[in-house]
Structure formats: structure tokens, C-alpha cells
Amino acid sequence: MSNMRWPSRPGDWCAVVLGGVITLLGLPMVILGADLISLGGSWYYTLCGLVVVIAGILILLGRTLGAAAYLLAWLGTAIWSFWEVGFDGWGLLPRLFGPSILAILVLFIIPTLKKRDLTRTAPNATSQSGAAF
Amino acid sequence: MRTSLFLASALSLAACTALTPLAYAQVASEHTSSIPGDTPQESGPSLNTTFNAPSPYAPQAPGVNAANLPDDPSMDPATVPTMVPQQSAAPAAEDWSAYGHDDDASRYSPLAQITPANVGQLQRAFIYHTGSKPAPGQANKWAAETTPIKVGDGLYMCSAMNDMMKLDPATGREIWRFNVGEKFQSIPYTAACKSVVYYTSSTIPEGQPCHNRIVEATLDERLISVDADTGQACKAFGFNGQINLMQGMGESVPGFVSETAPPPIVNGVIVTNQEVLDGQRRWAPSGVIRGYDAESGKFLWAWDVNRPNDHSQPAPGQHYSRGTPNSWAAMTGDNALGLVYVPTGNSAADYYSALRTPEENAVSSSIVAIDVKTGSPRWVFQTVHKDVWDYDIGSQVTKFDFPSEHGPVPALIVPTKRGQTFVLDRATGKPLLPVEERPAPAGNIPNDPRAPTQPWSTGMPRLGFPDLKESDMWGMSPIDQLFCRIKFRRARYQGEFTAPGVDKPSIEYPGYNGGSDWGSMAYDAKTGILIANWNNTPMYDQLVTRRHADKLGMRPIDSPYFNAKSGGAEGNGAQADTPYGIVVTPFWDQFTGMMCNKPPYGAITAIDMHTRKVLWQTPLGTARANGPFGLPTYLPLKIGTPNNGGPIITAGGLVFVAAATDNQIRAIDMKTGKTVWSDVLPGGGQATPMTYEYKGRQYLAIMAGGHHFMMTPVTDDLVVYALPQTAH
């Protein structure tokens, strides 16, 4: 834990807020999604929600891996959306609009996360964090 | 920091939905004390206060018979004088002489001054204020729904609370006004007056008072006849121009029974129907249809479903049979066949059918053709068997010549809330296009079996979409979509005729506001094109036990413990005298106020009646005034909103329609379905527009009265447009 750094720059705080929000949005997907599975409905929400929660926590902790996990969830969501509703614009809106806005914000936050990964690993390594991408 | 500000604002909507969605068991179950999204207050002094229905013989509450009118004498229908030709039989080109333009209810005007090329120049000619809207502090129960009529030098209309007036068609100046003095408590579910009727007397010669008359039926159950030129009551009609339509109805309270549609006059007979407030109790006042002499107002006949062979008025102390199917839609007359086409609703207590008689089951949610000489039905065509979905027929039927292979056949277009449009032979009621009886799901309410089959009009395009699937659920974000998917899975849903049950909610789709409602359709006989706007708004229904209904404070309007919030015409109802109350809400995410199914929620369709092919179909209404949490989005997105109010067609090649909840009136090019003009109205355009010509200029009028249930702004504005003086 000696390499744990509290967020210091404004960008760091952005990542904390974004990570927190992503976690909060992922939790109901997991919990309500389990309800939906028990009713015989789609498994997508719980599965995606789990990845989103993990992604959110990692971003909150300043890990680039969290951004990668979120973008993976986004990619999966996109594939699932087209599989479920095809190119129906109204059908795609709830599935992709919000998650895509978050994905853009996650892209913005990657340099900050990388910097934090670097400072965290600075005492003993310099290139490790780049592996996440 | 800028990033986080952006983040906060971009995500605030999604975060709100994320933090609240824990109470998704939408319809109340025994362990929830309120219905999410529609929280009724418990009312009455204690929970075990049961409602003891007044005797149907009990005196009517004060104010029911607002004008204190004495009883109306009867008259032999055979002695009705022969009716002279009426304006509405063959309207002058520049007139709009009846609610539906003419006796056919075509909603088609031969005027052609306004065209797709010049419609963009339309500007407001005047705004007339009817003076009827909620006073400060008054509950908003307004939705004027008015279509003025125009005959000769007068634009005639009624206010939402039935004051009648004649306006100068060019300026909107009030020439006369007849105040009816209606009380707020007489408003049933909605203060509405769809139109007035223009009648030319068969006995009073031209030039004398009451040769031409304006006739209306009122919210407080009066039939009123006034002189068209002066607005003075026709003294020879009833009692000082009025008759009391509550006569023979038995026990009632103000607002229980009312009229909002114009009564047609067929071969000298004024035919009246009445709206009986839905969902109150099984033994609500009667749905009786009655005929009155248009000259004197004397009673001619009654069609009382459970007294089929007795066409007379009940003796003093007696009453018409209670709880029979009521008809609230505009009826259509047929002078040639001597018929009135009555669109019927359901027996009282819409969602429970075990207490209905076979006679009621034979005529509910039907078109009943009644002989205006006798009051007996000549034929019946049923659109839903043993209806427990409130699929009453809200539309006025349109008469037209059906283009069959063997030449034109006098026919009727019957729009329904199901989005099934039936085409019937006017003389026999037999379908002219295929109607299939298809198996329907069984219900699970003890001793209340559902009909094994239901009719489908397979020869006409369906105004609607296929059955819902889980993946059709919608929302702004994956979370509210997920919420709706859970609601979908929690409900019983076996397709269109899923019966309501006690054990779990059921999805009613297309829903009682779905398909075609009172706006009705427009038909252009020259091209054979039918225009219909319609809704796509499923409902979420659940029966609740009497004990539970009491707990929810659901009591009928004539109970001393009645609470309007716990049950009006639409939505929840006590259904007293039956074992169950009914809880109905839109199938929506009650936190965001967004429907659970994906858009569009409303559309408009053009059908070629020669081929029965859809020429074009397009969503009706934008998201500009609607959005999550009831907030306007100001986006011109054509999401297609719920809509109420009909379309009209002009020979200029345009369809004019408002209806949608975006508060706009628009002109649509008849050929392409493209919107070529629109204007934002001062209030909701939940009314059918009309058009007329006066002194060489074509006008377009729309009542922007709004609609309380559709949550559009309520005003008392009649907005009238015309081209600039120089443009034509």
C-alpha cells in the first residue's frame, strides 16, 4: 500500500467521480438484472453490470485497467444491442446513448489514469501501466 | 474541473433513475399501501367503512337536474313531422355544417385555397376566448375537445362547459352567447363539448324565430335548442328551450352522467346517448339511448338494453335498467335508412363481466344500428366480445361508399381502440371485408370466463404494432429499460386479449387509449383515401379485492367517501357492487414518466380504400414538449406522441391535424405524408380542426383547449388561421 496515492490533481478527482458514478450505475444493473433473470428475462444486464461495477471501482482507484474494462463492457453492449434490435434507431437509443457518453468520458480520463498508474509504479517501474492498453 | 461539471450534468438524469428504482412492483399488492406513481390517499373515516350503495330508486342528488326542469311528455314517433333537407345533408362548399363536416362524418372539405404550395404562409386571423377554463384553485378537469361548425354567416360553437355562441367567421367577434349556467360539480371526468348541431325546423317557416336552431346536449344532462340567429331559447322546445335528460335515470349525483358529443338529428329525431362515469359501480345509471322530437323536444322512444321490448319512459318512481353499456362517442345518423349508428361502450364496471346479462353481452363494444322510428336495433356488429379492457368505441363511424368489385356499396368505417378498423354494410351490419374470429386467452377470475374468440378485421391494415416482446422495452438508459423489462416479465401477457387478474398485473395492449379514439377518421371520397391518427400506449391493469380496494380508498362517485384521486373515468375504479376494484396505470416507468414500450406512441396513416394498402404512415408529434420527468426537451425528434383529436382532409391536398401532445397543429401533404407546415398552439390541440370559407377567404380553426389527462396546457383559445389577404 505504500504506492497508494490519494488523488491530488483536478483530473484525478474527475476520475474518482466518474468511477463512483459508473459503480453506482452498475450496481442496479447487477441487482435488478438478477431479478430479471429470475423472471426468465435477459442475462445481459447482470453480466454487463458486473463488469461495469468492477470497471467503476478500478477507475475510482485510479487504475487504467478500469477504463479498459468499461470499454470492454461498452463493446459488448454494442454487439448485444445490434443483436437484439438490429438497426432500429429507437431501440438502440436506450441501449447505446448513455453508455456511449460514459465511454467518451472514460476515454478522456485515460491519460489521468495512466499518469496515476505511473506515479503509483514510479519507484520501481516506468512502463508497466502501458500494458493495460 | 470542467470535465467533472460536464460529467455531473450529463449523468444527472441517469443517476436519478439509478437511485430510485427499488419499488418496481408497479401495481399495488397486499403489502404495499399505495400505488407507485399514482398515490391515492386513503379516505373515509375508517378502513372498515364499507360503501352501501344508495337504492337506484333513491332521489337524485340536488344539482343533477340543474335547471329544475319538469318531466318531459311523450309523443308517438309516428307523428314526427317529415324533416326538411338539412344543411349537413349537402353542405355548401364554404361550410362545415356538422361536427364531422357533414352527415357522413367525412371530415372532408372541398375547399382548395390553401395548398401544399402556400400553406407555409398561413397566419393567425384571430383568437377567440370561450371563457371556460379552470378558475384559480379549481381542479383542472378541462379538455374542451371542441370543433366549431360553420353555416352561412356564422361560426357556431360551445365552450367546454356548454355555453353556446355564434361568432363572426372573419373576425371572431361574438354575435351572441347563450349561457347555460353549468356548475363545476357537473363536470364528470372531463369538461368537454365536442360540438353543436345545426337544425332547420320542419314546421317553423323561414324568417321566424327558431326556423334555424343550434342544439346541444350538456354535461349536466340537458338538451337545449336555441335560435341560430339570435341565440334566444326556442320556447316551443321542451321547457323554455330545454329538456331534462336525467328523467328516468334513477339515483345519481352530479358528474355521474353527462353528454359531451353532439346529438345527431335523423329524420326529425334528436338521438341522445350519455357518458356514464367508468369504473364507479356495477349498478351505475343506465346507458339508455333516447329519441326526442327535434321540433318540440317531446320524448319519442328509448332503447334500454335490459328492457328490449319497452320503448317508453319509465313510470314515475321507476328507472331505466342500470349498468347497461353506455355510449359516449359521437353517433352518426342515416336519413336514407332511418338509422342512427350508435358506438357502444361497455357495461358499467368495465373490468369484471360476471354480472352482465346476455342482452348486455350482445351489444357492448359494438355498433348498434337503431331504427329512429321505433327505437329498436336493426342490426348489431360487435368489435370485442365480453369486453374487460375498456375497449369501448370512442370514434364516430364514417359513412362512405365502399368501392367493391360490384360497384359502390353504402358502408360504414368503424374505427376501434384496438386499431382494428371494420368496414360494414350500412343496411345489414355485415362486414364487407373479411373478419376472422381468432382464439383468445382464457382468464382466471372465478365464474367470469372470457369469450373463446375475438374478431379481427384482416382485410384492413392494422393501426398498431405486433404483440410486445421484452426487447421492445424502452427507457432513456439501460437502467430504466431494465426496470421496464422487469415490469414486462412480472405481468401476465398472452397477447392482445390478456384478461386482467388479481394475482398479478397484466399488460393491456393496444390499451384503452390505443388505436383510434374519439378523434375518429377522415375520408376523401374522390380519391378513396382514409386518414387515421392513432395511439400506441399500453396499459398495466390489475384487479384488486374489495378489501384491498377499500384500503386504497377506492369508492364510487355516489359514495360519501368518494375521492376523485382514487378513481375517475380513466384508470383506477372502485367497481363497487362487484368483488373487485381495478387499478390501471399506463405501462410506464412511473419515476421518469416515460412509457415502457418503444416509440412511436402515436402515428398517422393514409390508407387507399380501393386497395386497402397503406400509402404512408408516419409518427405524429415531436418530443419538443415532452420528455423524462415531464420536462420539455425542445427537440424536434419525431417520437410520435399519444394523440387525441381527429384529422381533416381538404381538396387542397392537405391533411390538418393537431392532437399530439407537442401542442402543434400541422398540415401534412396528402400525397407524401410529409409535414409541410406547423405552428405551436397556445395550448394543447386535443380537438379536431375544421375549415371554412367566408367572403372568399379560407380559414382553418382549431380549439387549443388542451387536455388535463394528457397533461397539455389548458386554455380557452380557439385559434383561427388564414392566408394573408394578398396571397390569394
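In what follows, chains are A, B, ... by sequence order, proteins preceding strands, each numbered from 1.
Put simply, the side chain of A/Val85 does not reach to within 4.5 Å of the side chain of B/Lys598, judged on heavy atoms. Under the 4.5 Å side-chain criterion, counting only non-hydrogen atoms from C-beta, A/Asp35 is not in contact with B/Arg489. By the 4.5 Å heavy-atom criterion applied to side chains, A/Met29 and B/Ser477 are not counted as neighbours.
Distance CH2/A/Trp80 to OG/B/Ser471: 8.5 Å, rounded to 0.5 Å. Taking NZ of B/Lys487 as the reference point, atom CG of A/Leu39 lies at 13.5 Å (rounded to 0.5 Å).
The backbone N or O of B/Ile639 lies less than 3.5 Å from no partner atom in the side chain of A/Trp90, so there is not a single donor-acceptor pair. At least one donor-acceptor pair closer than 3.5 Å links the side chain of B/Glu470 to the backbone N or O of A/Ser42.
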For a quick test of your reading: what N or O donor-acceptor pairs under 3.5 Å do the side chains of residues 96-112 of chain A make, sequence neighbours left out?
unit_1	atom_1	unit_2	atom_2	d
A/Ser100	OG	A/Trp74	NE1	3.0
A/Ser100	OG	A/Leu96	O	2.5

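Between A/Glu84 and B/Arg485, at least one side-chain nitrogen of the basic residue sits less than 4.0 Å from a carboxylate oxygen of the acidic one, meeting the salt-bridge criterion.
Here the shortest heavy-atom pairing between A/Leu32 and B/Ile486 reads O-CD1, 3.3 Å. Between A/Pro28 and B/Leu482, the shortest heavy-atom distance links the atoms O-CD2, 3.8 Å. Nearest heavy-atom pair, A/Tyr45 versus B/Pro478, reported as atom, atom and distance to 0.1 Å: CE2-O, 3.5 Å. Closest heavy-atom contact between A/Pro94 and B/Gln481: CG-NE2, 4.0 Å.
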